[in-house]
Amino acid sequence: MLMCKGATRLMSLKQDRRLTLQERISLRLHLSMCGACRQCDRQFSLLHQLGARFESHLADASGEDASRQAGLDRSE
């Protein structure tokens with residue numbers, strides 16, 4: 001039986017790679033019985049989504065800065 005510490009580790013790994021079948025089954029079984037870990041899983045997913053949005057925003061902002069720099073260089 002998977003304990004909360006192991007479930008948390010799998011939740012974190014799930015954000016970075018596809019879990020193996022055994023890992024997915026173990027995590028799903030644990031989450032079906034543990035409300036605290038279900039909440040933790042939702043929070044991990046939310047943090048991952050927010051991080052991706054922030055990263056995308058930074059990439060857009062750095063692209064705009066590069067465009068501005070190129071515009072300034074041409075006018076000089």
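Scope of the values below: all heavy atoms of this structure, side chains included, with no hydrogens, waters or symmetry mates. Just so you know, residue 1 is the first one in the sequence shown, and it goes up from there.
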Test item: Arg24 and Lys14 side chains (from C-beta on) under 4.5 Å apart, heavy atoms:
no
Taken in chain and number order and not counting sequence neighbours, the residues that satisfy side-chain contact (heavy atoms from CB on, under 4.5 Å) with Gln39 are Arg42, Gln43
Taken to the nearest 0.5 Å, the spacing of His48 NE2 from Leu46 CG works out to 11.5 Å
Linking Ile, Leu, Val, Met, Phe, Trp and Tyr by side-chain heavy atoms under 4.5 Å, what else ends up with Leu31?
Leu2, Leu10, Met11, Leu13, Leu19, Leu27, Phe44
Using a 6.0 Å cut-off, check whether atom CZ of Arg17 has over 12 heavy atoms from anything other than its own residue.
yes
Would you compute the distance between atom CZ of Arg9 and atom CE of Met3 and round it to the nearest 0.5 angstrom?
14.0 Å
For Leu29, what are the other residues in its hydrophobic cluster, where any two members join if their side-chain heavy atoms are less than 4.5 angstrom apart?
Met1, Met33
With sequence neighbours left out, the residues meeting side-chain contact (heavy atoms from CB on, under 4.5 Å) with Gln22 are Thr20, Ser26
Please identify each residue that fulfils side-chain contact (heavy atoms from CB on, under 4.5 Å) with Cys4, with sequence neighbours left out.
His30, Cys34, Cys37
Could you note down all residue pairs passing salt bridge (charged side-chain N to carboxylate O under 4.0 Å, His left out) where residues 46-56 supplies at least one of them, sequence neighbours left out?
none
